[in-house]
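Each remark here refers to the structure printed beneath this line.
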Amino acid sequence: MPRGRCSPPFPSPALPVSTSTQHAEARATPSPAPGSAPGAGPYAWYRHWVPVAPLSFLDPSRPTPVTLLGESLVVWRRAQAGEQPPAWVVMRDACPHRLAPLSEGRLEAGGTRLACAYHGWEFDQAGQCTRVPQLGSDSKAAATACSSPRSCVTSYPTRERDGVLFAWLDASEEGRRLADESEPPKTLPDEATSAGDWIMNELPNDYKFWVEQGMDPAHANFLHHGMFNQYDAVPMEGGRVRDIDLHKGWRWEHRGYEKKNKDMHGLREFVPPFLIRVAYEQPSGSVFHIATLQVPIRPGVSRTYFKAGFSKRTPRDQQEAKAAEAVAAQGAAGQQAEASEGASRAKGPDETQAKATAKGSGGRGGGGFGIFALLGKVPHWVFSSQLIADQDSIMMCRQELLMRRQGLDRRSYNLNSRSDEGVSAINQWLELAGYPDSLWGGQAPAPAPTPGSGSVSSPRAPAGATYPGWPEAELPLDLLLSRQERHVRHCAVCQRGQKLVTRICVALTAAAALAAAAAAGLAAVAAMSPQGLAAVGGWKALAAVAVGAAALAWAAVQGWAFREERFVSGVAQWLRVGGFALLGKKMKKA
Ligand code: FES
Ligand SMILES: [Fe+2]
């Protein structure tokens, strides 16, 4: 055992007490080797780098609770300790003393120890107990107690990549070895200039629905009519998805879904089990990149991440890509060319991107996207409206509820156009991976209680968690659209933003009240003074104060509405715009 590693004997990290036997078996069973027959064994969800949170969302001054793949975890930042640089730590959120949540604890010893808030036991980044206050100055007893494996907390391997903290949730010896041999997948290509920070929400939709959504570009103009335009939608052209691989994933090439982008070349890649990469290349050579990460939290609840970027391909790159496409198309009929296509697919876009980077074509330092680099420095709550996520989430909630109430699954879908190819492929992959049983231990989506059946329970999430997930009833609109539940409680940037905006709103309200009082006072003086308005500097001065008061009041009202929509609830906005119909906007018909 490597020095400094702490291994609690009970409960084993591969046998969490909170999960079923099947679940534990799924965790403990190694993933079949890449290339082995798909579906040859249970899919090892815990032997992947699981996105924990965007680094910018985490608060280094306190421990943060997070649930991933059904496991309750605590995330904390260990401060610099001697030669050791600061590092993010992910541990099981249960104190070995009496199982209190460590996420309620405090950082001690200069930020190098996590202390349980219940009785003060302290732990280092490896999960090793370093102090039991109740043993006082009896150093021998303390050393014995702290060195016991029963005093350990399971600490998981972590990595940082592309601004995201990842954890490997199998802390067994074999799991750690596999973690050491792998890296989290690349999200955006190196040459892409990022168009802002990650957007991340925890939403009451099952993982299955969000990975389907990531493979369904044709919904945009209809579900988001008002921001897109349903009258601009065009039938999508696209290829077939072949070679769906349980471990390597698959890719899907398609054209655009609306008039503006119908000639673009779209490439969607599924990198199992959490990442979807999208590249939309316009005929001009500009490429819009999207990376999304979909992470199961509990059955019926997932975290969804989104980040976009831009790059530009030179005309020469485009010519080469076209030539490669032509060669691949010619060779598709023959065995030899089929092998060549396979090789080119295996290399994928990374090689093209690496080449583009080597040539310095666009991207960082290219100077073409300076405005986006600048916007990336603005806190995301300034520009990021959540209306699109509201529409996605509510539609998927209703879809999921109906399917659960009626016991339906993907076989009830009617997928009949090329635009459905991605949804069809992701469902085939889910079947190969044995989802949901392989992750949730045989918990099929429980039938949802129907309203009025007398069995509708109150939608309560587990303590410290967000939405209840399966098998609860339909969530009320205010919980569905709660900004706190989905985002603010997971994001230190928005927690700071909420405090700042609240202060600004209070200041604007106070200033408006003072200005209104001043205007009223001036009007009273003018009314009582023999000089009339001249006593207060004339009617223009009085009007200026009154207009100033009105402007401040208007700004305060706007500020409070902004604060409500960004940090508290989307209900007012949802009702104002008319939900899916976006009644406030009239779009032009073709
Ligand atoms: S439960 Fe953590 S110190 Fe007692
Ligand atoms: Fe945020």
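Basis for what follows: all heavy atoms, side chains included, without hydrogens, waters or symmetry-related copies. Counting convention: from 1, in listed order, for ligands and their atoms alike.
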Can you tell me if Trp560 and Thr509 form a side-chain donor-acceptor pair at under 3.5 Å?
yes

Can the ring centres of Tyr207 and Trp440 be said to be less than 6.0 Å apart?
no

For atom OH of Tyr118, is the number of surrounding heavy atoms from other residues, nucleotides or ligands below 6.0 Å larger than 12?
no

So the angle subtended at the Fe ion (ligand 2) by Cys491 atom SG and Cys494 atom SG, rounded to 10 degrees, is 120°

Short list, please: which atoms of ligand 1 are under 4.0 Å from a heavy atom of Tyr118?
1 (S), 4 (Fe)

With a cut-off of 2.8 Å, does His490 place any N/O/S atom under that distance from the Fe ion (ligand 2)?
no

Looking at Trp121, which atoms of ligand 1 are within less than 4.0 Å of one of its heavy atoms?
3 (S)

Identify, for atom 1 (S) of ligand 1, the protein heavy atom at the shortest distance, and state residue, atom and that distance.
Arg98 N, 3.4 Å

From atom 2 (Fe) of ligand 1 out to just under 2.8 Å, does an N/O/S atom of His119 turn up?
no

Tell me whether atom 2 (Fe) of ligand 1 has Cys116 as a neighbour, meaning an N, O or S atom of it below 2.8 Å.
yes

Do the charged groups of Glu269 and Arg277 touch, with an N to O distance under 4.0 Å?
yes

Gln213 versus Asp392, side-chain donor and acceptor atoms under 3.5 Å
yes

Is it the case that the side chains of Asp93 and Ser103 hold a donor-acceptor pair, with the cut-off being a distance below 3.5 Å and no angle test?
yes

Quick one: angle His487 NE2 - the Fe ion (ligand 2) - His380 NE2, to the nearest 10°?
120°

Can you name the N/O/S atom of His97 that is nearest atom 4 (Fe) of ligand 1?
ND1

Do Trp198 and Phe57 have their ring centres less than 6.0 Å from each other?
no

